[in-house]
Each structure stands twice: as structure tokens, then as C-alpha cells.
K.L.:
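Quick one: the structure is below, questions incoming.
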Amino acid sequence: MRLTVLAGGIGGARFLRGVRAAYPDATITAVVNTGDDVTLHGLRICPDLDSCMYTLAGVHDHRRGWGRTGETWRIKAELEAYGAEPTWFGLGDLDIATHLVRTRMLDAGYPLSDVTAAICERWQLGVQLLPMSDQRCETHVVVELEGARKAIHFQEWWIKHRASLDPLAFVQVGVDQAVAAPGVLEAIADADVLLVAPSNPVVSIGTILGLADIRAAVVETSAPVVGVSPIVGGAPVRGMADRCLPAIGVEVSAQGVGAHYGARKTGGLLDGWLVASGDTADVPGVEVRAVPLLMTDDEASAAIARAAVELA
Ligand code: GDP
Ligand code: CA
């Protein structure tokens with residue numbers, strides 16, 4: 001069985017662990033958001049790819065929600081001592097090694113998809129991670145700042161300002177020039193089931209679908225498409241989806257996100273929509289099922305993956 005998953009960072013990563021646990025013999029491919037990517041201190045950083053890689057490798061810090069276990073912060077402290085900006089981004093020593101390898105390969109001319117494959121080789125994930133695109137296509141957030149309307153990088157909005165500034169709009173800089181990375185369109189077209197992870201609908205899934213060729217592939221694939229709601233009981237389980245959805249006029253609920261994704265029959269994304277037990281959704285043309293959706297451990301995540309594939 002070929003399972004392809006659209007994924008962001010932490011929600012995507014935990015779901016991927018569930019898919020792998022539930023279907024160990026399947027060929028699993030993840031198309032991962034790269035809209036959060038950023039260059040800091042000369043290092044190319046891909047937060048969602050790294051969240052997926054570290055989580056699948058079992059070396060992620062579960063409590064912090066990002067980065068490596070056993071991380072240390074000596075380089076970050078030294079950078080701060082030099083007054084080297086920005087100081088607000090968490091860069092751990094172990095994590096920096098990943099960024100150094102990535103940046104070096106990118107500087108040598110390799111595309112991000114090749115670099116990602118090379119970096120993942122070490123970890124033997126059992127899941128192929130594909131960046132959505134080899135081109136830079138970074139999410140910016142339009143905000144009111146110091147009396148002026150400005151577009152700041154997603155990371156600056158999320159980490160430096162802790163999502164405190166009201167987002168007026170999300171903009172994908174470079175999206176018109178960006179195309180799907182090698183393997184992405186094939187993984188969508190050739191899938192037996194296409195799964196949409198419980199990732200942020202705006203700045204993870206929305207970003208991936210912002211690429212015209214990926215959206216077209218999703219609409220056209222013969223595989224059934226089943227999404228998992230990241231909104232449980234009217235709130236995101238973790239993260240800032242409740243700050244992002246209102247900015248695009250979508251209610252923070254399983255119903256709101258399901259309707260926003262829409263039915264594939266009418267040019268939308270979904271054939272099936274898994275919502276959390278206790279939540280409801282009614283989206284014309286979409287089969288809805290309610291199951292427990294908290295990914296507390298691998299077994300819980302695997303049960304969600306099985307429910308999604310069974311619904312498909
Ligand atoms: P990010 O890039 O690290 O923000 O991660 P994603 O975009 O992949 O995922 C963020 C989303 O994951 C948030 O909207 C959360 O509500 C959702 N999420 C996190 N943990 C869970 C969980 O246990 N169950 C469900 N259903 N959603 C979750
Ligand atoms: Ca992210």
C-alpha cells in the first residue's frame with residue numbers, strides 16, 4: 001500500500017509516527033511544508049522537515065515540542081555574547097549540526113529535496129520526507145507594527161512576537177515561481193490513500209496547497225483523500241491555529257476547517273474528514289467520522305491513522 005501524507009511540523013510528525021506504526025509494510029511518503037524555512041546566522045533552517053525527521057527518528061524533545069532531546073545551547077549563548085542577532089530563535093548545538101550539513105550541501109548546489117534525502121539517510125526513518133518544493137517560498141505575516149503595515153517572516157511573528165500581533169494576512173513569498181519538488185506530484189497521483197495530517201490548516205496544509213501544481217494533483221488524484229482535524233473541541237491541541245484561522249475567515253472548529261478544506265467533488269480537498277469524538281461536522285460531499293483524536297502516544301496516533309485509512 002502507498003500512503004502519502006501532507007504534513008507540517010509537530011502535528012504532522014506525530015501523525016506520521018502513527019501511520020508508520022499502523023502500516024509498517026506500507027510505502028509512506030510525506031510532503032512536508034517548507035513555508036516556515038528561514039536563514040539565520042547563515043544557516044538554512046527547515047523547522048517542519050526537522051520536526052518530522054527528529055520525531056520519526058525518536059530523538060525529538062517531546063515536552064518542548066521541537067528540537068532534539070539532550071540538547072545543549074552553548075553556541076546560542078556565544079552568539080548572544082557577540083550580540084549577533086537574532087537572539088530570539090532557539091538554535092541548539094545538536095540541531096545546528098543538521099543546519100550546517102544542510103547549508104553546506106545547498107551552497108554546493110544540491111536542491112533541498114536531495115539534501116533532505118541525504119540528511120534523512122542517517123536516521124532510516126521508514127518514511128520518505130519530501131520538501132513540498134525545492135524553491136524558496138516563505139510565509140510572511142502582514143501585521144500592524146509601530147504604526148505601519150508590514151510583512152514579517154512567519155518565524156518572526158511566531159517566535160519573536162509569540163503570535164501576539166494580529167495577523168491581517170498570510171503571504172507566500174515566491175509561490176508564483178515555486179513548483180512541487182521531485183517526487184511530490186507522483187506521490188500524490190500514485191497513492192492508494194492521501195492523508196492530510198492534523199497540521200495547521202493555514203500555515204502548514206494551506207502553504208503546501210498554495211503551490212498550484214500540488215493543489216491540482218490533489219484535486220485530480222484517483223486516491224481517496226482523508227483529513228484529520230487539528231482542532232479538537234473548538235481549539236487547537238497545540239500551536240497557533242486559533243491565531244491563523246480567523247485571519248482567513250475560518251471558524252476555529254472541526255466544522256470550520258472541514259468546510260474550508262471542502263469536498264473534492266466541488267474542487268476542494270477532502271473525501272473524508274476525521275473529527276474528534278464529541279465534535280461534529282457537516283460538509284456536503286465529505287464523509288465525516290468521529291474518533292478520539294489526541295495523539296498522546298504512538299498507539300493513539302496509530303489508531304487515528306487506521307481510522308483514516310478505513311474511512312478512505
Ligand atoms: P507545526 O508546524 O509544528 O505548527 O505543526 P503542524 O502544523 O504539523 O501541527 C500543528 C497542529 O497540530 C495544531 O493545529 C494542533 O492542533 C495539531 N495537533 C497537535 N497535537 C495534536 C493531537 O494530538 N491531535 C490532533 N488532532 N491535533 C494535534
Ligand atoms: Ca510549522
Side-chain angles (χ1 to χ4, degrees), residues 5-19 30-38 45-56 60-67 89-90 129 131-132 137-141 153-159 162-163 170 172 195-210 226-246 248 250-254 256-258 260-261 273-279 281 289-305 307-308:
V5 184
L6 307 185
I10 189 167
R14 287 182 183 162
F15 183 65
L16 285 168
R17 281 188 69 99
V19 175
V31 177
V32 181
N33 171 44
T34 55
D36 299 6
D37 294 8
V38 66
I45 301 165
C46 300
D48 288 2
L49 279 168
D50 288 346
S51 285
C52 289
M53 180 173 77
Y54 294 151
T55 302
L56 286 164
H60 62 298
D61 190 308
H62 194 73
R63 239 177 317 156
R64 195 186 320 120
W66 55 273
F89 195 87
L129 300 182
M132 66 184 195
C137 176
E138 291 169 15
T139 304
H140 282 60
V141 189
H153 193 284
F154 172 78
Q155 299 295 351
E156 194 176 344
W157 175 74
W158 169 233
I159 296 175
R162 298 181 183 282
F170 293 91
Q172 288 179 265
L195 298 166
V196 181
S199 289
N200 188 305
V202 184
V203 295
S204 291
I205 304 300
T207 311
I208 297 170
L209 295 170
V226 172
V228 181
S229 176
I231 306 296
V232 173
V237 179
R238 190 169 186 151
M240 62 330 209
D242 53 335
R243 298 287 289 145
C244 302
L245 286 165
I248 62 161
V250 175
E251 187 187 83
V252 185
S253 66
V257 176
H260 168 62
Y261 283 159
W273 184 227
L274 274 192
V275 304
S277 305
D279 284 344
R289 194 167 294 171
V291 297
L293 283 193
L294 288 182
M295 299 185 286
T296 41
D297 54 29
D298 282 350
E299 190 35 56
S301 304
I304 296 169

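Atoms within each ligand, like the ligands themselves, are counted from 1 in listed order.
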K.L.:
By residue and atom, what protein N/O/S atoms are less than 3.0 Å from the Ca ion (ligand 2)?
P.N.:
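Near the Ca ion (ligand 2), below 3.0 Å, one finds Asp36 OD2, Asp48 OD1, Asp48 OD2.
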
K.L.:
For Ala302, enumerate each residue passing the side chain to side chain contact (heavy atoms under 4.5 Å, CB included) test, keeping only those at least two apart in sequence or located in another chain.
P.N.:
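Per chain and number, Ala302 pairs via side chain to side chain contact (heavy atoms under 4.5 Å, CB included) with Ala21, Ala22, Glu299, Arg306.
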
K.L.:
Are any of the side-chain heavy atoms of Leu56 and Leu129 separated by less than 4.5 Å?
P.N.:
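Heavy-atom side-chain distance check passes, below 4.5 Å.
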
K.L.:
For atom 19 (C) of ligand 1, grab the closest protein heavy atom and report residue, atom and distance to one decimal in Å.
P.N.:
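The closest one turns out to be Val237 CB, 3.9 Å.
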
K.L.:
At under 4.0 Å between heavy atoms, is it the side chain or the backbone of Ala241 that contacts ligand 1, or both, or neither?
P.N.:
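Looking at Ala241 and ligand 1, just side chain atoms fall under 4.0 Å.
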
K.L.:
For Ala241 and Pro236, work out which heavy atoms get closest and say how close.
P.N.:
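Residues Ala241 and Pro236, closest heavy atoms: CB-CB, 4.0 Å.
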
K.L.:
Find all atoms of ligand 1 within a distance of less than 4.0 Å from any non-hydrogen atom belonging to Pro236, and give their numbers and elements.
P.N.:
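Listed by number with element: 14 (O), 16 (O).
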
K.L.:
With side chain to side chain contact (heavy atoms under 4.5 Å, CB included) as the test, would you mind laying out the steps for Val196 and Val228 before giving the verdict?
P.N.:
CA-CA 6 Å; Val196 181; Val228 181; over 6 Å; no

K.L.:
To the nearest 0.5 Å, what is the distance between OG1 (Thr207) and CD (Glu138)?
P.N.:
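So the OG1 of Thr207 and the CD of Glu138 are separated by 11.5 Å.
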
K.L.:
With rounding to the nearest 0.5 Å, note down the distance linking CZ in Arg14 to CG in Leu294.
P.N.:
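If we round to the nearest 0.5 Å, Arg14:CZ and Leu294:CG are 10.5 Å apart.
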
K.L.:
Which residue owns the protein heavy atom closest to atom 10 (C) of ligand 1, what's the atom, and how far is it?
P.N.:
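Atom 10 (C) of ligand 1 sits closest to the protein heavy atom Asn200 N, 3.7 Å.
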
K.L.:
Which atoms of ligand 1 sit under 4.0 Å from any heavy atom of Gly12?
P.N.:
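Matching atoms, with element in brackets: 8 (O).
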
K.L.:
Counting non-hydrogen protein atoms only, what is the nearest one to atom 25 (C) of ligand 1? Give residue, atom name and distance.
P.N.:
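Result: Leu293 O, 3.3 Å.
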
K.L.:
Within the structure, is a non-hydrogen atom of Ser229 found at a distance of less than 4.0 Å from ligand 1?
P.N.:
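Yes, that is the case, since the closest heavy atom of the residue is under 4.0 Å from the ligand.
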
K.L.:
If you measure from each non-hydrogen atom of Ile10 to ligand 1, which part falls under 4.0 Å: side chain, backbone, both or neither?
P.N.:
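Both parts.
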
K.L.:
Between atom CZ of Phe89 and atom CD of Glu156, what is the distance when rounded to the nearest 0.5 Å?
P.N.:
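Output value for this atom pair is 12.0 Å.
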
K.L.:
Enter the distance from Thr55:OG1 to Leu16:CG here, rounded to the nearest 0.5 Å.
P.N.:
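With rounding to 0.5 Å, OG1 (Thr55) is 9.0 Å from CG (Leu16).
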
K.L.:
Compare Pro47, Pro292, Gly11, Pro198 and give the one whose heavy atom is closest to atom 17 (C) of ligand 1.
P.N.:
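Looking at heavy atoms only, the winner is Pro198.
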
K.L.:
Does the side chain of Pro201 come within less than 4.5 Å of Tyr261's, by heavy atoms?
P.N.:
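Result yes, sub-4.5 Å side-chain heavy-atom pair found.
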
K.L.:
Supply the atom-to-atom distance Thr34 OG1 to Leu49 CG, rounded to the nearest 0.5 angstrom.
P.N.:
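Output value for this atom pair is 7.0 Å.
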
K.L.:
Within the 4.0 Å heavy-atom shell around Ser204, which atoms of ligand 1 are there?
P.N.:
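Result: 2 (O), 6 (P), 7 (O).
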
K.L.:
So, using salt bridge (Lys or Arg N to Asp or Glu O under 4.0 Å) as the criterion, who are the partners of Asp242 when residues are at least two apart?
P.N.:
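Asp242 satisfies salt bridge (Lys or Arg N to Asp or Glu O under 4.0 Å) with no other residue.
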
K.L.:
Could an N or O of ligand 1 be found under 3.5 Å from any N or O of Thr296, whether backbone or side chain?
P.N.:
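No, there is no polar N/O contact under 3.5 Å.
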
K.L.:
Just need the protein heavy atom nearest to atom 22 (C) of ligand 1, so name the residue and atom and give the distance.
P.N.:
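For atom 22 (C) of ligand 1, the nearest protein heavy atom is Met295 CE, 3.5 Å.
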
K.L.:
Identify the closest protein heavy atom to atom 2 (O) of ligand 1: which residue and atom is it, and at what distance?
P.N.:
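The protein heavy atom lying closest is Gly9 N, 2.9 Å.
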
K.L.:
Atom 13 (C) of ligand 1: which protein heavy atom is closest, and how many Å away?
P.N.:
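The closest one turns out to be Arg238 O, 2.9 Å.
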
K.L.:
Got the closest protein heavy atom to atom 8 (O) of ligand 1, with its distance?
P.N.:
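Nearest protein contact, heavy atoms only, for atom 8 (O) of ligand 1 is Ser199 OG, 2.6 Å.
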
K.L.:
With rounding to the nearest 0.5 angstrom, report the CZ to CD1 distance, Phe170 to Ile248.
P.N.:
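One finds 8.0 Å between CZ of Phe170 and CD1 of Ile248.
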
K.L.:
Mind checking whether Pro230 has a heavy atom under 4.0 Å from ligand 1?
P.N.:
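It does; at least one heavy atom falls under 4.0 Å.
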
K.L.:
Measure the distance from atom 4 (O) of ligand 1 to every protein heavy atom, then report the residue, atom name and distance (to 0.1 Å) of the closest one.
P.N.:
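Sorting protein heavy atoms by distance from atom 4 (O) of ligand 1 puts Met240 CE, 4.3 Å first.
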
K.L.:
Name the orientation class of the two ring planes belonging to His60 and His62 (parallel below 30°, tilted from 30 to 60°, perpendicular beyond 60°).
P.N.:
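Rings of His60 and His62: perpendicular, over 60°.
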
K.L.:
State which residues pass side chain to side chain contact (heavy atoms under 4.5 Å, CB included) with Val38; sequence neighbours excluded, sorted by chain then number.
P.N.:
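Val38: side chain to side chain contact (heavy atoms under 4.5 Å, CB included) contacts with Leu40, Ile45, His153, Gln155.
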
K.L.:
Please list, in number order, the atoms of ligand 1 under 4.0 Å from a heavy atom of Asp48.
P.N.:
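Within the 4.0 Å cut-off of Asp48, ligand 1 contributes 2 (O).
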
